[in-house]
Amino acid sequence: MYRQVDDFLKEWAVAVEGTLQVLQAVTDDKLGQSILEGHSTLGWLSWHLVETTGYFSHLAGLTVPMIGQDEPVPATAREIIAAYEKAAEAVKEEVAKLSDVDLLTETGIASVATKGALLRFLIDHQTHHRGQMMVLLRQAGLPVPPVMGPTKEMQ
């Protein structure tokens with residue numbers, strides 16, 4: 001849980017950079033890559049990160065562009081990256097308007113009771129799916145970026 005806006009903003013910058021590294025590693029021809037038939041694809045996971053950035057931000061009372069769950073996954077990785085960059089920047093701008101006291105405001109959601117807890121969940125959720133995507137990148141034969149340290153591709 002975040003109790004200080006500056007703490008979130010610092011971690012958000014790192015999280016966004018790591019997520020962009022993963023999104024930028026996805027190629028258009030591999031958007032359909034999944035671990036098994038019927039499981040989440042690189043394209044779906046990428047777009048899900050965009051959708052949920054807006055959704056969780058909305059739950060926290062932030063004005064961040066939201067994408068409807070019915071909207072299809074874009075046809076290109078570049079479109080997904082552009083949408084993620086826009087949403088991530090909006091989160092940064094909106095959170096920067098908050099006070100530390102605002103982070104303690106109740107959300108009405110039991111599992112993430114405060115805005116600070118919801119923002120922590122946003123980063124944790126993004127990290128979880130980013131990890132799934134890194135496995136799929138390797139399975140697809142694409143280079144895995146060194147998001148949290150060296151990868152096999154760096155050896």
Side-chain angles (χ1 to χ4, degrees), residues 1-26 31-36 38-138 144-149 151:
M1 176 174 122
Y2 293 100
R3 289 181 176 82
Q4 295 186 333
V5 169
D6 193 51
D7 288 344
F8 171 79
L9 292 174
K10 287 176 184 172
E11 285 195 29
W12 183 242
V14 172
V16 167
E17 179 58 34
T19 299
L20 283 171
Q21 287 179 37
V22 173
L23 292 174
Q24 291 164 349
V26 178
L31 286 171
Q33 178 72 43
S34 66
I35 197 147
L36 291 170
H39 287 254
S40 299
T41 65
L42 276 171
W44 184 89
L45 287 165
S46 298
W47 194 235
H48 179 66
L49 291 176
V50 177
E51 290 173 332
T52 56
T53 297
Y55 177 71
F56 291 131
S57 297
H58 171 75
L59 292 177
L62 306 177
T63 306
V64 173
M66 282 188 50
I67 295 167
Q69 292 180 346
D70 297 340
E71 291 203 33
V73 174
T76 69
R78 185 67 213 136
E79 291 173 85
I80 296 169
I81 292 166
Y84 177 77
E85 289 174 327
K86 182 178 177 183
E89 182 64 24
V91 168
K92 181 178 92 173
E93 290 172 2
E94 286 292 304
V95 171
K97 296 175 187 176
L98 298 176
S99 70
D100 293 344
V101 172
D102 290 331
L103 296 179
L104 303 176
T105 303
E106 296 290 323
T107 64
I109 304 167
S111 61
V112 284
T114 64
K115 286 184 181 188
L118 188 57
L119 292 172
R120 173 79 258 160
F121 186 79
L122 168 62
I123 289 180
D124 290 346
H125 178 262
Q126 181 173 263
T127 302
H128 162 71
H129 287 305
R130 193 171 69 200
Q132 290 176 312
M133 292 176 69
M134 292 172 81
V135 170
L136 293 177
L137 288 172
R138 179 146 298 124
V144 176
V147 174
M148 298 191 77
T151 61

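Here the structure is a predicted model, which means the values were calculated and not measured.
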Any salt bridge linking Glu106 with Lys115? Criterion: basic side-chain nitrogen under 4.0 Å from a carboxylate oxygen. no
Judged by atom type as modelled, is there a donor-acceptor pair below 3.5 Å linking the side chain of Thr53 to the main-chain atoms of Ala87? no
Step by step, would you call Asp100 with Gln4 a side-chain contact (heavy atoms from CB on, under 4.5 Å)? CA-CA 5 Å; Asp100 293 344; Gln4 295 186 333; 3.9 Å; yes
Does this structure show an ion pair linking Arg78 with Glu85, if we count only N-O contacts that are shorter than 4.0 Å? yes
Heavy atoms, side chains only, cut-off 4.5 Å: are Asp102 and Val5 in contact? no
Is it true that, when you exclude Arg138 itself, more than 12 heavy atoms of the residues, nucleotides or ligands shown sit nearer than 6.0 Å to its CZ? yes
Can you say whether the rings of His125 and His128 are parallel (under 30°), tilted (30 to 60°) or perpendicular (over 60°)? tilted
Check: Ala15 main-chain N/O paired with Arg130 side-chain donor or acceptor under 3.5 Å: yes
Any donor-acceptor pair under 3.5 Å linking the side-chain atoms of Thr19 with those of Gln126? yes
Quick check: do Tyr2 and Val95 have side-chain heavy atoms less than 4.5 Å from each other? no
Evaluate the ring planes of Phe56 and Phe121, with Trp represented by its six-membered ring, and classify them as parallel (under 30°), tilted (30 to 60°) or perpendicular (over 60°). perpendicular
Ser40 backbone acceptor or donor facing Ser34 side chain under 3.5 Å: no
Is Asp124 salt-bridged to Arg120, cutoff N-O under 4.0 Å? yes
Carefully, step by step, assess Arg3 and Asp7 under the rule salt bridge (Lys or Arg N to Asp or Glu O under 4.0 Å). CA-CA 8 Å; Arg3 289 181 176 82; Asp7 288 344; over 6 Å; no
Any side-chain heavy-atom pair of Tyr55 and Val50 under 4.5 Å: no
Could you state the interatomic distance from CD (Glu79) to CG (Leu31), rounded to the nearest 0.5 Å? 9.5 Å
Backbone of Ile123 reached by a side-chain donor or acceptor of Trp12 within 3.5 Å: no
